[in-house]
Amino acid sequence: MPEGPSIVILKEELALFKGKKVIEATGYAKADLTRLKGKKITAIKSWGKHLLICFKTCTVRIHLLLFGTYRINERKASNPTLRLSFDKDELNFYTCAVKIIDEPPDEVYDWEVDLLSDQWNPDKVLKLLKKVPDMLLCDALLNQDIFAGAGNIIKNEVLFRTHLHPLSKVGKLPLKKKKELIQEARQYSFDFLEWKKAYVLKKHWLAHTRKTCPRCHIPFIKAYLGMTQRRSFFCNNCQILYE
DNA sequence: ATACATGTTGGAGC
DNA sequence: GGCTCCAACATGTA
């Protein structure tokens, strides 16, 4: 479900909830949900993989983690982590992390690193990358402070598209390659968004979960790499290792 | 039935 | 106090 583009889709689906007043907030989330009662939604935003339901005095931050789901005006069989009830509508979130933030989102979030934000800034990302020369690319692409919204699929696809080996070190890339990586992370995020909306995301995967390289037709390597030991699919032949 | 996955965190243990 | 590790998350699918 939830890499950044999926959260953008969710945000768009919730747009019509702006201005609606919460009649009741329930669920097993540990946050103090009672304080949401009677509050009116002022905006629905997203930052990376965070969905933000904004009120005048606080913001509900929802992270769907690995297997979070949601329903709009429907219920699943299990109890929701968070249910927001409105006059006529209902929002249900399951298996997710919910936190209420008191600070205004602009104070907490750097929109310039959100891959899907209008304010995304490649120069800022380049500066951040220059600070972590020893970081492996497979870790850098999953780092939400640098590439907010990128997840494991985006990681694998971007590295394949840019012909970069996941174990390459950030600081060893030529500048041109670094810029290419940054641009491709942005571009693939939008491709992901469009394909996901059209329910054709999977068939466009070139590397993620694939067994052979579509370029040179030799078997892909599947390995659990980097600090997070997440699945990497890559071609030893056409993805260059900078070390 | 079992393993595994589009992710993050909080707390235990050192 | 800080670092690392790992369980937990009312799951869904192969």
Side-chain angles (χ1 to χ4, degrees), chain A residues 1-13 26-33 46-52 59-71 74-83 91-101 108-110 113-116 132 134-161 166 184-186 188-211 220 222-234:
Chain A
M1 204 42 239
E3 294 196 25
S6 301
I7 304 306
V8 169
I9 292 170
L10 168 57
K11 170 176 69 176
E12 291 173 358
E13 286 183 300
T26 53
Y28 62 81
K30 282 186 192 129
D32 177 17
L33 300 178
S46 67
W47 180 88
K49 300 166 190 166
H50 296 196
L51 174 75
L52 305 171
T59 296
V60 178
R61 188 197 79 184
I62 296 169
H63 198 305
L64 295 179
L65 302 175
L66 198 50
F67 16 80
T69 52
Y70 61 93
R71 293 289 186 273
E74 280 178 31
R75 293 182 181 192
K76 299 214 303 178
S78 54
N79 288 328
T81 315
L82 173 66
R83 169 173 296 150
L91 278 179
N92 292 300
F93 297 94
Y94 305 87
T95 347
C96 55
V98 175
K99 192 175 177 184
I100 298 179
I101 299 171
V108 182
Y109 292 105
D110 182 356
V113 301
D114 177 3
L115 281 169
L116 288 128
V132 290
D134 292 328
M135 193 179 277
L136 304 177
L137 292 187
C138 57
D139 287 326
L141 275 166
L142 292 175
N143 187 313
Q144 299 301 297
D145 295 327
I146 304 173
F147 294 105
N152 209 34
I153 297 171
I154 292 177
K155 175 195 82 180
N156 283 320
E157 293 299 306
V158 168
L159 290 176
F160 183 74
R161 281 182 168 201
E184 198 59 62
R186 170 81 165 179
Y188 184 73
S189 295
F190 282 96
D191 289 346
F192 184 127
L193 177 62
E194 292 314 309
W195 288 331
K196 180 89 184 177
K197 281 182 178 173
Y199 304 101
V200 293
L201 178 64
K202 260 187 212 184
K203 76 170 192 187
H204 286 279
W205 287 347
L206 298 175
H208 190 72
T209 73
R210 298 302 188 209
K211 296 228 184 314
F220 265 130
K222 175 186 171 186
Y224 294 81
L225 304 181
M227 295 203 314
T228 51
Q229 293 285 295
R230 303 289 303 279
R231 281 196 304 177
S232 287
F233 299 86
F234 58 98

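Numbers restart at 1 for each chain; the letters A, B, ... are given by sequence-line order, proteins then strands. We use all heavy atoms of the structure for the numbers below, so side chains are in, but hydrogens, waters and symmetry mates are not. Quick caveat: nothing in here was measured; it's all calculated off a predicted structure.
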Measure from [atom1] on [X] to [atom2] on [N] and round the result to the nearest Å.
X: A:Q229; N: B:dC4; atom1: CD; atom2: P; result: 14 Å
X: A:L66; N: C:dA10; atom1: CG; atom2: P; result: 12 Å
X: A:L65; N: B:dT6; atom1: CG; atom2: P; result: 14 Å
X: A:R61; N: B:dT9; atom1: CZ; atom2: P; result: 6 Å
X: A:I62; N: B:dT8; atom1: CD1; atom2: P; result: 16 Å
X: A:Y94; N: B:dT6; atom1: OH; atom2: C1'; result: 20 Å
X: A:K202; N: C:dA14; atom1: NZ; atom2: C1'; result: 9 Å
X: A:L141; N: B:dT6; atom1: CG; atom2: C1'; result: 14 Å

Any donor-acceptor pair under 3.5 Å from [X] side chain to [Y] backbone:
X: A:E3; Y: A:I153; result: yes
X: A:E194; Y: A:L201; result: no
X: A:Y94; Y: A:K76; result: yes

For this session: Would you please classify the geometry between the A:H204 ring and the A:W195 ring as parallel, tilted or perpendicular, with 30° and 60° separating the classes?
Result: parallel

Exercise. How are the rings of A:Y70 and A:F93 set relative to one another: parallel (under 30°), tilted (30 to 60°) or perpendicular (over 60°)?
Worked result: tilted

Is there a side-chain contact between [X] and [Y] in this structure, where contact means two heavy atoms from C-beta onward sitting under 4.5 Å apart?
X: A:Y109; Y: A:H50; answer: yes
X: A:N152; Y: A:H208; answer: yes
X: A:N143; Y: A:V132; answer: no

Exercise. Judged by modelled atom types alone, do A:T81 and A:Y28 share a side-chain donor-acceptor pair under 3.5 Å?
Worked result: yes

Exercise. Which value, rounded to the nearest 0.5 Å, describes the distance between A:E184 atom CD and A:F160 atom CZ?
Worked result: 11.5 Å

Exercise. Which atoms form the tightest heavy-atom contact between A:K155 and A:R231, and what is the distance?
Worked result: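 Heavy atoms only, the tightest pair is NZ-O, 3.1 Å.
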
Exercise. Does a salt bridge link A:E12 with A:K197, judged by any charged N lying under 4.0 Å from a carboxylate O?
Worked result: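 Salt bridge present between A:E12 and A:K197.
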
Exercise. Side chain of A:F67: nearest nucleotide among B:dA5, B:dT6, B:dT8?
Worked result: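 Out of B:dA5, B:dT6, B:dT8, the nucleotide with an atom closest to A:F67's side chain is B:dA5.
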
For this session: Using the P atom on both, measure B:dA3 against C:dA7 and round to a whole Å.
Result: 15 Å

Exercise. Where each pair must be Watson-Crick or G-U wobble with both distances under 3.5 Å, what dot-bracket representation of DNA chain C is obtained, with crossing pairs in [ ] and other-strand partners as |?
Worked result: .||||||||.||||

State whether [X] places a side-chain N or O below 4.0 Å from either non-bridging phosphate oxygen (OP1 or OP2) of [N].
X: A:H208; N: B:dT6; value: yes
X: A:K49; N: B:dT8; value: yes
X: A:R231; N: B:dA5; value: yes
X: A:Y224; N: B:dA5; value: yes

Exercise. Where along residues 74-83 of chain A does a heavy atom fall under 4.0 Å from DNA chain C?
Worked result: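 Per residue number, the list reads A:K76, A:N79.
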
For this session: Pick base, sugar-phosphate or nothing for A:Y28, based on heavy-atom distances below 4.0 Å to the nucleic acid.
Result: sugar-phosphate

Problem set entry | Members of residues 149-157 of chain A that approach DNA chain B, where some heavy atom sits under 4.0 Å away |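 Nucleic-acid contacts, sorted: A:G151, A:N152, A:I153.
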
